[in-house]
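In this text the structure is predicted, and so the values were computed from the model without any measurement.
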Amino acid sequence: MALNLAHQTGAAAAAVAAAAPSGPRTAVVAAAATVAPPATSPSPASGLQLQTMSVDPATSSQSPDVKPDLAMACQALVESIPAETEHPDVAGGDAKSKAGVPVFVMMPLDTVRKDGNALNRRKAVEASLAALKSAGVEGIMVDVWWGIAEAEGPGRYNFNGYMELMEMAKKTGLKVQAVMSFHQCGGNVGDSVTIPLPKWVLEEMDKDQDLAYTDRSGRRNYEYVSLGCDTTPVLKGRTPIQCYADFMRAFRDHCATYMGNTIVEIQVGMGPAGELRYPSYPESNGTWAFPGIGEFQCYDRYMLSSLKAAAESMGKPEWGNAGPGDSGSYKDWPEDTPFFRREGGWNTEYGEFFMSWYSQMLLEHGERILSAASSVFTGTPGVKISVKVAGIHWHYGTRSHAAELTAGYYNTRHHDGYLPIARMLGRHGAVLNFTCVEMRDHEQPQDAQCRPEALVQQVAAAAREAGVGLAGENALPRYDETAHDQVVATAAEKAQEERMVAFTYLRMGPDLFQPDNWRRFAAFVKRMSESGARDMCREQVEREASGVAHATGPLVQEAAVALSN
């Protein structure tokens, strides 16, 4: 998964919070960009480079083998862990009450080789999965890249590397969340590898550049095919929705033996970074920088055609020629623009019209893909469908919520933008996956009105009202107890009806397997996944986690070394 939402804020730190209230906003942004991560955590940037480093197949075989004695020791630990519980039901159910919140761990972005035939760093993956299982982790999450698995041509699928991973997970006793990643990897923070859309898709986008999301200046974005042409046969005779449906069907058929027993969740990508949103804040080439408001992405001819029709149906044809002309640019702040300022155009009849249309287009896109996914996976017991929603917490404390609006979430002081999304997911029995669960308000630049905790609370309330399961992720690589405490409080230390159905930890790599980080991670997993652990004193949980960390030390060291090579 491309790192999402608040990954752009930099590591949370008290220095930012201290600098924010009194200093000028330029100083706040500079502090956010340069502040060091928590003292207990290594630098996320270096870890990300290591964990996503491409390895030539010829060199990957040189990774040390997993020694039999280490594997046996790990197996003994695995056998001492309580029996696995079923993946919790979307609605909550008794399983969630008994089992707490199961923890999954994201795999490196380049887990599968770009040719699709095998795994990168196979021995490292094998050792890592054994270590994760020993710590009580429920399973792993992996991106199934469209740009890898259907790279050779329309309908020519290669899932060999992914099937190798599924078999490895099955043998280790881990579950899998498989992400149907229909977006490009590259262009967002954390995307330290580049995996473009399939070449044959890009060829069509080169012929008709309106297949790409487009901003007011005519800048094209190739991260994801514009939702404006969802139902138009623009990709070698198929519509984008048909391509997504065919891909999911092929994955289901190729991995049929793993469906429902090893593969327990299909997360359906719906936009850049796999999230249901517009690419309103692209970081490539310095286009956007935190905490900019971003820009509307409605200027390809397919989107403009829809806007024109909507305006004419309202009897306001003059509203259908373009988006708001006074909404500023990517790096602006709300008060810099007439449209987003406190009593700006967003709160006029025109603003309500435009935002209703813009957000409705996104909802309809989600509806179309979920309908396709439901048709593919209905009749596959034990497999849930989920959708990721971005956690855009900057400027959340303002009236207009400008950064959310440009991304397609019509969420303002007067309008709930997340309940319609949750209800749409509810119609298909899908889980709402949300991020920034580890963040605290005071860790963020206050001048930018960042409110991650309030945002998580609003999304959780929307999920409850719509009757859908809420799952979570952390937005930044965090290995410190402060972040772990926040996740436990937000996801697990809740009444049964408010507890998250699952949590996915970002991300597996050398940093996670550093001794202190691994010990803290083992304690975190225990507190999350075992309901009884929340009643233990902190010291007891940490003692047990230290025992796991000590027993698995050689295996974890092996995984860290192999991942770093």
Side-chain angles (χ1 to χ4, degrees), residues 3 11-12 37-44 46-48 50-51 73-74 77-78 80-82 100-108 124-125 127-141 172-175 177 435 437-439 472-493 500 502-530 533-534 536 538-564:
L3 299 187
T40 53
S41 170
S43 166
S46 59
L48 282 168
L50 284 170
Q51 71 198 33
C74 179
L77 271 165
V78 169
S80 71
I81 294 172
V101 179
V103 175
F104 292 74
V105 175
M106 294 184 196
M107 298 293 288
V125 172
S128 299
L129 296 190
L132 294 177
K133 180 64 178 179
S134 73
V137 166
E138 178 82 359
I140 58 173
M141 173 181 277
T172 312
L174 292 171
K175 307 298 185 185
Q177 298 169 321
T435 183
V437 175
E438 87 283 14
M439 291 187 161
E473 294 179 3
N474 53 310
L476 291 166
R478 292 280 297 269
Y479 309 96
D480 55 292
E481 290 175 346
T482 299
H484 292 167
D485 288 348
Q486 180 69 7
V487 174
V488 172
T490 305
E493 289 181 346
M500 288 188 176
F503 180 82
T504 304
Y505 193 92
L506 181 150
R507 167 184 314 269
M508 192 187 88
D511 285 349
L512 176 60
F513 293 129
Q514 295 304 310
D516 286 344
N517 290 346
W518 179 248
R519 174 182 52 78
R520 284 190 290 267
F521 176 74
F524 165 73
V525 172
K526 187 173 187 65
R527 293 169 65 199
M528 287 284 287
S529 58
E530 297 180 25
R534 293 192 289 278
M536 297 181 190
R538 182 72 167 259
E539 291 75 14
Q540 182 180 351
V541 172
E542 290 180 352
R543 277 198 305 273
E544 293 188 15
S546 294
V548 171
H550 177 74
T552 58
L555 184 66
V556 169
Q557 182 180 10
E558 183 126 19
V561 170
L563 281 168
S564 299

- [ ] Keeping the roles fixed (side chain from Lys133, backbone from Gly173), state whether a donor-acceptor pair exists under 3.5 Å.
- [x]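 Yes, Lys133 side chain to Gly173 backbone: donor-acceptor pair under 3.5 Å.
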Task: Test item: Glu438 side-chain N/O and Ala475 main-chain N/O as donor-acceptor pair under 3.5 Å - done: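 Yes, because the side chain of Glu438 sits within donor-acceptor range (under 3.5 Å) of the backbone of Ala475.
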Does [X] reach the side chain of [Y], with side-chain heavy atoms less than 4.5 Å apart?
X      : Y      : answer
Val437 : Glu473 : no
Met439 : Leu476 : yes
Phe521 : Val137 : yes
Leu132 : Met508 : yes
Glu138 : Val525 : no

Task: Sequence-distant partners of Gln557, side chain to side chain donor-acceptor pair (under 3.5 Å), two or more places apart - done: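 Gln557: no side chain to side chain donor-acceptor pair (under 3.5 Å) contacts found.
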Open item on the list: Could you work out, with ring pair (Phe, Tyr, Trp, His ring centres under 6.0 Å) as the rule, every residue matching Phe503, not counting sequence neighbours?
Closed with: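 Once residues adjacent in sequence are excluded, the partners of Phe503 under the ring pair (Phe, Tyr, Trp, His ring centres under 6.0 Å) criterion are Phe524.
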TODO: Considering non-hydrogen atoms only, spot the tightest contact between Ser529 and Pro102 and give its length.
DONE: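 Minimum heavy-atom separation between Ser529 and Pro102: CB-CA, 4.4 Å.
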Open item on the list: Which heavy atom of Arg507 sits nearest to which heavy atom of Tyr479, and what is that distance?
Closed with: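 Heavy-atom minimum between the residues: O-OH, 4.1 Å.
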TODO: Just jot down the side chain to side chain contact (heavy atoms under 4.5 Å, CB included) partners of Thr482, sequence neighbours excluded, or say none.
DONE: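 Applying side chain to side chain contact (heavy atoms under 4.5 Å, CB included) to Thr482 gives Arg440, Glu443, Arg478, Asp480.
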Open item on the list: For a side chain to side chain contact (heavy atoms under 4.5 Å, CB included) check, start with the C-alpha distance between Met107 and Leu129, then their side-chain angles and the critical distance, and finish with the verdict.
Closed with: CA-CA 10 Å; Met107 298 293 288; Leu129 296 190; 4.1 Å; yes
Open item on the list: Using 0.5 Å steps for rounding, measure from the CD atom of Glu493 to the CE atom of Met528.
Closed with: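 Reported to 0.5 Å precision, the distance equals 9.5 Å.
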TODO: Calculate, to the nearest 0.5 Å, the distance between atoms CD and NZ belonging to Glu544 and Lys526 respectively.
DONE: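 Interatomic distance, Glu544 CD to Lys526 NZ, rounded to 0.5 Å: 4.0 Å.
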Open item on the list: Distance alone, cut at 3.5 Å: any donor-acceptor contact between the side chains of Thr504 and Gln177?
Closed with: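 Judged by distance alone, the side chains do pair up.
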